[in-house]
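First comes the structure, then the notes that go with it.
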Amino acid sequence: MTLDDYILQHTSPEPDYLYRLWRATNIHTIHGRMASGHLQGRLLKMLVQMIKPRNVLEVGTFSGYSAISMAEGLTGEGHLYTFEINDEMEDFTRQWIEGSDVADKITFIIGDAVKEAPRLGITFDMAFIDGDKRTYRECYDMVLSVLNPGGYIIADNTLWDGHVIDHAYDGDHQTQGIELFNNYVTNDPRTEQVILPLRDGLTLIRKK
């Protein structure tokens with residue numbers, strides 16, 4: 001047994017629907033490992049239950065795993081708006097979101113969240129950033145502009161397979177984007193943050 005196996009055995013079970021979505025994502029998409037998966041999915045749901053947001057913004061839907069996980073934690077009139085810039089994912093993702101038990105709590109939008117999210121005219125209590133790593137800083141500034149004071153941002157992949165401390169990847173644009181984002185957030189007086197070494201790195205950020 002590996003430590004990862006032990007962790008999952010002592011984490012709340014992955015719902016069958018999400019397990020089937022995870023398998024389908026890995027079978028039918030090129031980058032299946034991008035799906036949040038069991039551990040991160042349960043964490044995202046619990047964070048929603050803890051924060052109790054009225055509105056959640058997600059940047060980067062991919063196959064819908066994280067959106068469904070977060071929507072499971074919503075209560076009352078809570079709603080999640082999720083943006084995916086890659087229109088080639090729409091057919092796959094939309095059917096899984098619409099087939100879930102929380103479909104009524106999710107609005108799935110194909111488009112650039114940096115441009116389109118502010119046009120919703122909605123303020124958010126929580127946001128999950130998991131889109132193009134090259135534009136993380138721009139996305140962060142956009143999210144802050146629509147985030148209520150005391151709101152939370154969760155940013156995924158902020159350790160980027162350890163590439164952030166490996167100079168062999170200094171010329172990689174996605175690594176550069178993550179490094180720029182991490183340094184920018186660290187020095188931003190508008191927020192406070194902590195990086196969790198979960199999977200590929202997860203940064204929790206609170207707007208002051």
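Because the structure is predicted, anything quoted here is derived from the model rather than measured. Keep in mind that the numbers below use all heavy atoms, side chains included, and drop hydrogens, waters and symmetry copies.
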For a side-chain contact (heavy atoms from CB on, under 4.5 Å) check, start with the C-alpha distance between Thr123 and Asn55, then their side-chain angles and the critical distance, and finish with the verdict. CA-CA 7 Å; Thr123 56; Asn55 292 310; 5.6 Å; no
Passes side-chain contact (heavy atoms from CB on, under 4.5 Å), Phe124 versus Tyr81? Steps please. CA-CA 10 Å; Phe124 298 88; Tyr81 298 82; 3.7 Å; yes
Walk me through whether Trp160 and Gln174 qualify under side-chain contact (heavy atoms from CB on, under 4.5 Å). CA-CA 9 Å; Trp160 203 231; Gln174 296 195 83; 3.8 Å; yes
Check the pair Leu8 / Glu14 against side-chain contact (heavy atoms from CB on, under 4.5 Å), numbers first and verdict last. CA-CA 9 Å; Leu8 292 178; Glu14 180 181 36; over 6 Å; no
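Counting non-hydrogen atoms of neighbouring residues, nucleotides and ligands closer than 6.0 angstrom, the CE atom of Met46 reaches no more than 12 such neighbours. Few gaps surround CD1 on Ile27; more than 12 heavy atoms of other groups in view lie less than 6.0 Å from it. Other residues, nucleotides and ligands place no more than 12 heavy atoms under 6.0 Å from the CG atom of Asp101. Other residues, nucleotides and ligands contribute at most 12 non-hydrogen atoms within 6.0 Å of the CD atom of Glu77. At most 12 heavy atoms of other shown residues, nucleotides or ligands fall within 6.0 angstrom of atom CZ in Arg23.
Closest non-hydrogen pair, Thr158 versus Ile178, comes out as O-CG2, 3.5 Å. The heavy-atom pair separating Met142 from Ala113 by the smallest distance is CE-O, 3.5 Å. Closest of all the heavy-atom pairs between Tyr17 and Ser100 is OH-N, 3.4 Å. The two residues Ala67 and Glu58 make their nearest non-hydrogen contact at CB-OE1, 3.3 Å. Considering all non-hydrogen atoms of both residues, Asp125 and Ile51 come closest at O-CG2, 4.1 Å. The two residues Cys139 and Ile129 make their nearest non-hydrogen contact at SG-CG2, 4.0 Å.
Atom-to-atom distance recorded for Met126:CE and Leu47:CG is 5.5 Å, nearest 0.5 angstrom.
Checked by atom type, the side-chain pair Gln40/Asp156 shows a donor-acceptor distance below 3.5 Å. For the residue pair Thr186 and Asn183, no side-chain donor N or O sits within less than 3.5 Å of a side-chain acceptor on the partner.
Looking at residues two or more places apart in sequence or on another chain, you find a side-chain hydrogen bond (donor to acceptor under 3.5 Å, both in side chains) between Gln176 and His173. Residues satisfying the salt bridge (charged side-chain N to carboxylate O under 4.0 Å, His left out) criterion with Asp132, sequence neighbours excluded, are Arg134. Not counting sequence neighbours, the partners of Glu72 by the salt bridge (charged side-chain N to carboxylate O under 4.0 Å, His left out) test are Arg42. Residues passing the salt bridge (charged side-chain N to carboxylate O under 4.0 Å, His left out) test with Asp141 are Arg190, sequence neighbours excluded. The salt bridge (charged side-chain N to carboxylate O under 4.0 Å, His left out) test applied to Arg137 returns no partner, not counting sequence neighbours.
Between Thr93 and Glu84, every side-chain heavy-atom pair lies at or beyond the 4.5 Å cut-off. Counting only heavy atoms from C-beta outward, the side chains of Lys105 and Leu80 never approach each other to under 4.5 Å. Contact annotation: the side chain of Gln95 never approaches that of Asp91 to less than 4.5 Å [non-hydrogen atoms, C-beta and beyond]. Looking at Ile68 and Ile106, their side chains come closer than 4.5 Å, going by heavy atoms from C-beta outward. Proximity of Leu202 to Leu43: side-chain heavy atoms (C-beta onward) are separated by under 4.5 Å at one or more points. Residues Thr11 and His38 have side chains in contact (heavy-atom distance under 4.5 Å, counting atoms from C-beta outward). Between Asp130 and Asn157, the closest side-chain pair of non-hydrogen atoms falls below 4.5 Å. Residues Asp188 and Ile205 fail the side-chain proximity criterion, which asks for heavy atoms closer than 4.5 Å.
The closest donor-acceptor contact from the side chain of His10 to the backbone of Tyr6 lies under 3.5 Å. A distance-only check finds no donor-acceptor pair linking the side chain of Arg199 to the backbone of Leu39 [under 3.5 Å]. Between the side chain of Lys208 and the backbone N or O of Pro189 there is at least one donor-acceptor pair closer than 3.5 Å. At distances below 3.5 Å, not a single donor-acceptor pair connects side-chain atoms of Thr61 with backbone N or O atoms of Gly64. In this structure a side-chain-to-backbone donor-acceptor pair under 3.5 Å is missing from Asp161 to His163.
Aromatic ring centroids of Tyr65 and Trp96 lie 6.0 Å or more apart.
Under a 4.5 Å side-chain heavy-atom cut-off, the cluster of Ile, Leu, Val, Met, Phe, Trp and Tyr residues that includes Ile85 has no other member.
For the side-chain hydrogen bond (donor to acceptor under 3.5 Å, both in side chains) test with Tyr140, the passing option among Thr135, Thr203, Thr191 is Thr191; the others fail.
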